[in-house]
Amino acid sequence: MSTSVVVDHVTKRFTLANQKTFKKLVVNAIKGKTLSNAFTALDDITFTLEQGDTIGLMGLNGSGKSTLLKLISGVMTPDEGDVLTRGRIAGLIEVGAGLHPDLSGRENIYLNGAILGMSEAEINRKFDSILAFSEMEKFLDTEVRHYSSGMFMRLAFATAVHTDCDIFLIDEVLAVGDQPFRKKCMKRIHQLKDEGRTMVFVSHNPKQVMKLCDRGLVLKAGQMAFEGSAADAVKAIGYDLDDDDDET
């Protein structure tokens with residue numbers, strides 16, 4: 001078994017401006033006031049995923065989950081440490097990411113597929129299957145700007161899960177759309193797991209995490225608060241199992 005993802009002592013910082021207007025920036029500079037604050041989104045994060053591992057990434061909003069996924073996907077680079085990956089990555093990090101609003105659904109299947117590393121011939125072979133999974137036949141030639149968030153998710157998810165990727169990054173994309181389609185997506189995610197794909201799965205639904213993931217990682221204010229089994233991670237974060245829908 002080979003290593004798929006290495007996150008080695010990774011730190012990521014952002015700079016937040018205190019004042020928005022140029023006049024206030026000049027006045028504060030003259031007065032010697034601080035012009036900006038450094039915000040540490042991730043602080044010394046380390047873990048490794050072997051091929052076929054499925055890890056649930058949990059934490060409250062603002063804990064650094066999405067930032068970590070963006071670092072793994074290559075959208076961002078760390079300020080300190082290293083992120084190493086092996087194989088093709090499919091990132092479902094933001095609903096509709098990779099879709100162009102001025103293009104039709106049909107054109108966006110080809111665009112998003114190309115972004116995910118698919119050749120035109122590969123997309124041609126899988127086009128009918130992607131369309132059938134998305135259930136978007138009626139809106140195929142409609143500009144994406146007219147899509148709802150649920151329609152965005154259908155098209156983006158359907159395209160991504162038809163790629164031959166080694167690593168899947170999934171960030172709360174199942175929070176939108178209707179319940180039958182969310183269940184359909186979860187079924188497909190379980191199939192990908194059974195095929196031996198490596199997954200990082202972000203969800204606030206503890207039942208989904210426990211049924212899908214072997215391991216769990218909890219972030220708190222950008223730091224690793226816990227890493228261990230998925231069940232123990234759910235206990236560590238204090239999720240209430242009785243409050244969540246069971247959509248598997």
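Owing to the predicted nature of the structure, the values given are computational and were not obtained by experimental measurement. The figures that follow rest on heavy atoms only: side chains count, while hydrogens, waters and symmetry mates do not.
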Colleague: List for me each residue that meets salt bridge (Lys or Arg N to Asp or Glu O under 4.0 Å) alongside D164, sequence neighbours excluded, and say none if there are none.
Modeller: K126

Colleague: With side chains defined as the heavy atoms from C-beta onward, is the minimum distance between V200 and L69 less than 4.5 Å?
Modeller: yes

Colleague: Distance from T54 atom OG1 to F201 atom CZ, nearest 0.5 Å?
Modeller: 10.0 Å

Colleague: I would like to know whether I55 and C213 meet side-chain contact (heavy atoms from CB on, under 4.5 Å); could you show each step before the answer?
Modeller: CA-CA 5 Å; I55 191 168; C213 302; 5.8 Å; no

Colleague: Check step by step if side-chain contact (heavy atoms from CB on, under 4.5 Å) holds for E135 and K184.
Modeller: CA-CA 11 Å; E135 302 172 5; K184 181 179 180 179; 3.0 Å; yes

Colleague: Take Q51 and S2, measure what side chain to side chain donor-acceptor pair (under 3.5 Å) needs, and give me the verdict at the end.
Modeller: CA-CA 6 Å; Q51 180 181 340; S2 61; 3.1 Å; yes

Colleague: Out of curiosity, E137 CD to L131 CG, how far, rounded to the nearest 0.5 Å?
Modeller: 4.5 Å

Colleague: Check the pair I89 / L169 against side-chain contact (heavy atoms from CB on, under 4.5 Å), numbers first and verdict last.
Modeller: CA-CA 8 Å; I89 300 174; L169 311 176; 3.8 Å; yes

Colleague: Within this structure, what is the OG1-CD1 distance for the pair T163 and I123, rounded to the nearest 0.5 Å?
Modeller: 10.5 Å

Colleague: Could you go through the side-chain contact (heavy atoms from CB on, under 4.5 Å) check for L103 and E143 one step at a time?
Modeller: CA-CA 5 Å; L103 300 179; E143 290 181 352; over 6 Å; no

Colleague: Would you be so kind as to tabulate the donor-acceptor pairs closer than 3.5 Å made by side chains of residues 216-228, with sequence neighbours excluded?
Modeller:
from, atom 1, to, atom 2, distance (Å)
Q223, NE2, D43, OD2, 3.0
E227, OE2, R215, NH2, 2.5

Colleague: Does V209 share a hydrophobic cluster with L60, counting links as ILVMFWY side-chain heavy atoms below 4.5 Å and allowing steps through other members?
Modeller: no

Colleague: Measuring from R197:CZ to L192:CG, what's the distance to the nearest 0.5 Å?
Modeller: 5.5 Å

Colleague: Is there a chain of hydrophobic side chains (I, L, V, M, F, W, Y, each step under 4.5 Å between heavy atoms) that links L116 to V144?
Modeller: no

Colleague: Just wondering, are more than 12 heavy atoms of other shown residues or ligands nearer than 6.0 Å to CD in E120?
Modeller: no

Colleague: Got L49 and F47 here, is their nearest side-chain heavy-atom distance under 4.5 Å?
Modeller: yes

Colleague: Nearest 0.5 Å, what's the CG-OH distance between N108 and Y147?
Modeller: 7.5 Å

Colleague: Hey, could you give me the CD1/CD distance between I170 and Q208, rounded to the nearest 0.5 Å?
Modeller: 10.0 Å

Colleague: So which atom in F133 and which in A158 form the shortest heavy-atom distance, rounded to 0.1 Å?
Modeller: CD2-CB, 3.8 Å

Colleague: What pair of heavy atoms forms the shortest contact from P78 to L71, and how long is it?
Modeller: N-CD2, 3.5 Å

Colleague: With ILVMFWY side chains joined below 4.5 Å, transitively, what does V6's cluster contain besides itself?
Modeller: L84

Colleague: Is there a side-chain contact between D166 and T198 (heavy atoms, below 4.5 Å)?
Modeller: no

Colleague: For residues T48 and V5, determine if any side-chain heavy atom of one lies less than 4.5 Å from a side-chain heavy atom of the other.
Modeller: no

Colleague: If you look at every heavy atom in K70 and S73, which pair is closest and at what distance?
Modeller: O-OG, 2.9 Å

Colleague: Taking the side chain as every heavy atom from C-beta outward, state whether M58 and N205 have any atom pair closer than 4.5 Å.
Modeller: no

Colleague: Just wondering, more than 12 heavy atoms not from F168 lying within 6.0 Å of its CZ?
Modeller: yes

Colleague: Can you get from L42 to V83 by hopping between Ile, Leu, Val, Met, Phe, Trp and Tyr side chains that sit under 4.5 Å apart?
Modeller: yes

Colleague: Are E80 and K12 close enough for a salt bridge, meaning some N to O gap below 4.0 Å?
Modeller: no

Colleague: Between R154 and D178, does any NZ, NE, NH1 or NH2 come within less than 4.0 Å of an OD or OE carboxylate oxygen?
Modeller: yes

Colleague: Which heavy atom of G59 sits nearest to which heavy atom of K65, and what is that distance?
Modeller: O-NZ, 2.9 Å

